[in-house]
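Residue numbers begin at 1 in each chain, while the letters A, B, ... track the order of the sequences.
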Amino acid sequence: MHIKTKLEEILPAVIKELFDVDVDEKTVLIQKTRKEFEGDFTVVIFPFTKILKKSPEDIGKKLGEVLVEKVKEVESFNVIKGFLNLTLKAEYWLEFFVDHHSDIYFGCNEPLAEKPVVVEFSSPNTNKPLHLGHIRNNLLGDSVSRILEAYGHNVKKVNLVNDRGIHICKSMLAWLKWGKGASPESTGKKGDQLVGDFYVLFEQEYRKQISELVDSGKTKEQAEKDAQLIIEAREMLKKWENGDDEVVKVWKMMNEWVYEGFDVTYNRMGISFDKIYHESQTYLLGREIVEQGVQRNVFYRKPDGGVWADLSKEGLDDKLLLRPDGTSVYITQDIGTAELRYEDFDPSKMIYVVGNEQNYHFDVLKKLLKKLDKPYSDSVFHLSYGMVELPEGKMKSREGTVVDADDLMDLMEKTAEEITEELGKTEGMTGEQKQDLYKKVGLGALKYFILKVDPKKNMVFNPNESIDFNGHTAPFILYTYARIHSVLRKAPNDKLLPLKKTISPEKLAVKEKELLKLLHDYPAMVHESAKDLNPAVIANYVYELAKEFNQFYHDHSILNEPDNEISEFRIRLASFTGIVVRSAMGLLGIDVVDRM
RNA sequence: GGUUCCGUAGCUCAACUGGAUAGAGCAACGGCCUUCUAAGCCGUAGGUUGAAGGUUCGAGUCCUUCCGGAAUCACCA
């Protein structure tokens, strides 16, 4: 049992015995002792003072005495103000070390026998290439999936591709009008980039038409509706929903281009899915469910034919579910996909990694599912994350400030290469090894930079300055790992085998104990990040760990330590740290490197 | 206008979910390589946590008001 839970459980009993008063387990608060004080764990005494009507110092002292006596792991205590600081015996930390130091799965749990957890992320539109915003989404979804899996959940990663709708029609229309048959083969462009170019072209021409109409006296609003291009796009959407051969043919072809492009980008990011849904295949089911809802009087139809949900009882406005012409809207297909997902996986939880701009949408979705009495309405969870902004504000495609995912990864790799070369780190490496290193360092830096921020917060990203390779970054952590491996490479083979016995307790140095304490925390960190669906917990933890190791490494010799017993211990301590660094970085989707 | 979220060092982020003197990195300044990788280590400086009230033994964290910013309230997705 974890020592912290042990203390939490024993404290109410101790208080009962000492003062004959019952305290709620919830009032027992135990935290790690802050570095500036002596001790390993701290019991906060204040909550008891009211019930016990004694001074915090008094209570702390009495509790400390009993804990030292009754809990064999506790060596000593001190009381400062209302805080009881407990110091554990060195044996406790060393025992922990012996038990776990060679366990490459340390911190991860056996799979739980339970229904799967479905994580939906990425969910791109097929009219444009992926950009910085998608990167955060993809990295979050991927990392959360890894964390949940490590915690023991049965995770299914799914992607819902928005492959239908007016946005695709815009790209298609522009291609038909001005494309002159251009294809990825004929232009040498990535398919998603090519299709994105036509989307931009459409928007440009559309805007021209709008301003012409405004000049001729129309309001902006009216002009946006009346422009020839948008009318044609809408007609195309209708044709598509009616299965028009010509339109469907172009649609299939252009989507195929996009998928090929996306695959390259996903691959590069190290992201994969267990199942890919296409909106074009789910929206009909959504439409069907909505129609059933109308029959059951859950929803209602207006005279013009549009179908609506009355959400006034839920405190929201009415919501359109089907347009008067029968075509479906965004939320219609989301109802369909939820149903399909339920049928496919019978999940205990459906997590949707979607930006916080859609908080309202998911509110509505949950309420609609509830109205429909869907058994899974409570298992829908919106993992809402904040926007990525540039120093000058939001990314705007019209102003060309959108940071393209492929370009950004190029930039990261190039920067990694420059810095590595500058530091002269590539001696003796083959060209292939170098490329692999640049890729891992550059991509790792990008992933870490994004994942270290609390998902729910907005973040600022400056492509030219944000990415450092020093300090609180992935390269710093990777460097620590490479250092560890450099030591391990030089250690004699027989000194890499697991230890059954370790140094005597009095030999344990402060930095070694601090490192052990951090390693000891890892399972709790996995638990916390899984509970909160927050990779930043892991990111910040592994940074602390790397920092602590670097201090240890600086202060103590590992291989050159004259005391053989200590040297052997330190080799395994380094290797244990390496195992946890690798594991934690793995949860962030970041590959470590042995040399850099 | 309604609703929701955010505001912490010059910049980018933490703060164990209400606990000790608010911590890191970057940028600035000063030290440390003849020794296991200096992408490192050590130090200096930097704060009225947007403002004012309130609740509490205790507030960056909870409540109220105000200021500033963002998202959303689509027959876009």
K.L.:
Nucleotide by nucleotide, 5' to 3', does protein get under 4.0 Å of the base (B), only the sugar-phosphate (S), or neither (-) in nucleotides 9-15 of chain B, counting heavy atoms?
P.N.:
---SSS-
K.L.:
Is the shortest heavy-atom distance from the side chain of A:Val329 to the side chain of A:Leu321 under 4.5 Å?
P.N.:
no
K.L.:
Sticking with atom P, work out how far B:U44 lies from B:G1, rounded to a whole angstrom.
P.N.:
49 Å
K.L.:
Taking the P atom of each, how far is B:C6 from B:C16, in whole Å?
P.N.:
15 Å
K.L.:
Under a 3.5 Å cutoff on both atom distances, Watson-Crick or G-U, what's the dot-bracket for RNA chain B ([ ] crossing, | other strand)?
P.N.:
(((((((..((((.....[...)))).(((((.......))))).....(((((..]....))))))))))))....
K.L.:
Less than 6.0 angstrom separating the ring centers of A:Phe83 and A:Phe46, yes or no?
P.N.:
yes
K.L.:
For a ring-ring contact (aromatic ring centres under 6.0 Å, His included) with A:Phe362, tell me which candidate from A:Phe381, A:Tyr330, A:Tyr352 qualifies.
P.N.:
A:Tyr352
K.L.:
Are there any protein N/O atoms within less than 3.5 Å of an N/O atom in nucleotides 17-19 of chain B, and if so, which ones and at what distance?
P.N.:
from  : atom 1 : to       : atom 2 : distance (Å)
B:U17 : O4     : A:Asp532 : OD2    : 2.5

K.L.:
Using salt bridge (Lys or Arg N to Asp or Glu O under 4.0 Å) as the criterion, list what pairs up with A:Glu389, not counting sequence neighbours.
P.N.:
none
K.L.:
Donor-acceptor pairs under 3.5 Å, side chain of residues 414-427 of chain A to any protein atom, not counting sequence neighbours: which ones?
P.N.:
from     : atom 1 : to       : atom 2 : distance (Å)
A:Thr415 : OG1    : A:Leu411 : O      : 2.7
A:Thr420 : OG1    : A:Ala416 : O      : 2.5
A:Glu421 : OE2    : A:Tyr438 : OH     : 2.5

K.L.:
Using a 4.0 Å cut-off on protein heavy atoms (strictly under), produce a 5'-to-3' string for nucleotides 72-77 of chain B with B for base contact, S for backbone-only sugar-phosphate contact, and - for none.
P.N.:
SS-BSB
K.L.:
Taking atom P in both B:G10 and B:G46, compute the distance separating them and give it to the nearest angstrom.
P.N.:
11 Å
K.L.:
Take the protein atom NZ of A:Lys367 and the nucleotide atom C1' of B:U3, then report the distance between them rounded to whole Å.
P.N.:
11 Å
K.L.:
Between A:Glu389 (CD) and B:C5 (P), how many Å, whole number?
P.N.:
18 Å
K.L.:
Within the stacking criterion (centroid distance below 5.5 Å, interplanar angle below 30°), does A:Phe37 stack on B:A20?
P.N.:
yes
K.L.:
Do A:Asp521 and A:Glu544 come close enough that some side-chain heavy atom pair is under 4.5 Å?
P.N.:
no
K.L.:
Give a yes/no verdict on a cation-pi contact between A:Arg164 and A:Tyr283, requiring under 6.0 Å between NZ or CZ and the six-membered ring centre and an angle within 45° of the axis.
P.N.:
yes
K.L.:
Excluding sequence neighbours, so at least two apart, what forms side chain to side chain contact (heavy atoms under 4.5 Å, CB included) with A:Ser143?
P.N.:
A:Ile147, A:Leu451, A:Pro535, A:Leu588
K.L.:
Regarding A:Asp521, tell me which of base, sugar-phosphate or nothing describes its non-hydrogen contacts under 4.0 Å with the strands shown.
P.N.:
nothing
K.L.:
Strictly under 3.5 Å: I want the nitrogen or oxygen pairs between protein and nucleotides 35-44 of chain B, one per line.
P.N.:
from  : atom 1 : to       : atom 2 : distance (Å)
B:C36 : O3'    : A:Lys490 : NZ     : 2.9
B:C36 : O2     : A:Ile558 : N      : 3.4
B:C36 : O2     : A:Leu559 : N      : 3.0
B:C36 : N3     : A:Ile558 : N      : 2.9
B:C36 : N4     : A:Tyr553 : O      : 2.7
B:C36 : N4     : A:His556 : O      : 2.4
B:U37 : OP1    : A:Ser486 : OG     : 2.3
B:U37 : OP2    : A:Ser486 : OG     : 3.0
B:U37 : OP2    : A:Lys490 : NZ     : 2.6
B:U37 : O2'    : A:Tyr479 : OH     : 2.4
B:U37 : O2'    : A:Arg483 : NE     : 2.9
B:U37 : O2     : A:Lys425 : NZ     : 2.7
B:U37 : O2     : A:Met596 : O      : 3.3
B:U37 : N3     : A:Met596 : O      : 2.8
B:U37 : O4     : A:Met596 : N      : 3.1
B:A38 : OP2    : A:Arg483 : NH2    : 2.6
B:A39 : OP1    : A:Lys425 : NZ     : 2.5
B:A39 : O3'    : A:Asn470 : OD1    : 3.2
B:A39 : N6     : A:Thr420 : OG1    : 3.2
B:G40 : OP1    : A:Gly471 : N      : 3.2
B:G40 : OP2    : A:Asn470 : OD1    : 3.3
B:G40 : O2'    : A:Arg483 : NH1    : 2.9
B:G40 : O2'    : A:Arg483 : NH2    : 3.4
B:C41 : O2'    : A:His554 : ND1    : 3.0
B:C41 : O2'    : A:His554 : NE2    : 3.4
B:C42 : OP1    : A:Gln551 : NE2    : 3.2

K.L.:
Is B:C33 in the syn range, within 90° of 0, or in the anti range?
P.N.:
syn
K.L.:
Looking at A:Arg595, I'd like to know if its CZ atom is crowded, meaning that more than 12 non-hydrogen atoms belonging to other residues, nucleotides or ligands lie closer than 6.0 Å.
P.N.:
no
K.L.:
Contact class for A:Thr42 (heavy atom, under 4.0 Å): base, sugar-phosphate, or nothing?
P.N.:
base
K.L.:
Between C1' on B:C5 and CZ on A:Phe362, what's the gap in Å once rounded to a whole number?
P.N.:
17 Å
K.L.:
Going by the glycosidic torsion and a 90 degree boundary from 0, is the base of B:U17 oriented syn or anti?
P.N.:
syn
K.L.:
For A:Ala482, which residues count as a side chain to side chain contact (heavy atoms under 4.5 Å, CB included) partner, sequence neighbours excluded?
P.N.:
A:Met596
K.L.:
Expressed in whole Å, how much space separates the C1' atoms belonging to B:A59 and B:G54?
P.N.:
11 Å
K.L.:
According to side chain to side chain donor-acceptor pair (under 3.5 Å), does anything in residues 316-329 of chain A pair up with another residue at least two apart or in another chain? List the pairs.
P.N.:
A:Tyr300-A:Asp318, A:Arg323-A:Thr327, A:Asp325-A:Thr327
K.L.:
Between B:U37 and B:G43, how far apart are the two C1' atoms, rounded to whole Å?
P.N.:
23 Å
K.L.:
So, for A:Phe461 and A:Phe449, is the gap between ring centers shorter than 6.0 Å?
P.N.:
yes
K.L.:
Would you sort out whether A:His556 and A:Ile566 count as a side chain to side chain contact (heavy atoms under 4.5 Å, CB included), showing the intermediate values?
P.N.:
CA-CA 10 Å; A:His556 300 288; A:Ile566 295 179; over 6 Å; no
K.L.:
Could you measure between the two C1' atoms, the one in B:G69 and the one in B:U8, and give it in whole Å?
P.N.:
15 Å
K.L.:
In whole angstrom, what separates A:Glu57's CD from B:A20's P?
P.N.:
16 Å
K.L.:
Take atom OH of A:Tyr385 and atom C1' of B:C5, then tell me their distance rounded to the nearest Å.
P.N.:
16 Å
K.L.:
Can you name the side chain to side chain contact (heavy atoms under 4.5 Å, CB included) partners of A:Asn550, sequence neighbours left out?
P.N.:
A:Phe476, A:Thr480, A:Arg483
K.L.:
Quantified in whole Å, what is the P atom distance between nucleotide B:U49 and nucleotide B:G31?
P.N.:
34 Å
K.L.:
Main chain of A:Ile558, side chain of A:Ser567: is a donor-acceptor contact present, judged purely on distance under 3.5 Å?
P.N.:
yes
K.L.:
Quick one: list whatever passes side chain to side chain contact (heavy atoms under 4.5 Å, CB included) with A:Asp591, sequence neighbours left out.
P.N.:
A:Lys440
K.L.:
Answer with yes or no whether the side chains of A:Asp334 and A:His361 bring together a donor and an acceptor at under 3.5 Å.
P.N.:
yes
K.L.:
Could you work out the separation of B:G19 and B:C76 based on their C1' atoms and round it to a whole Å?
P.N.:
48 Å
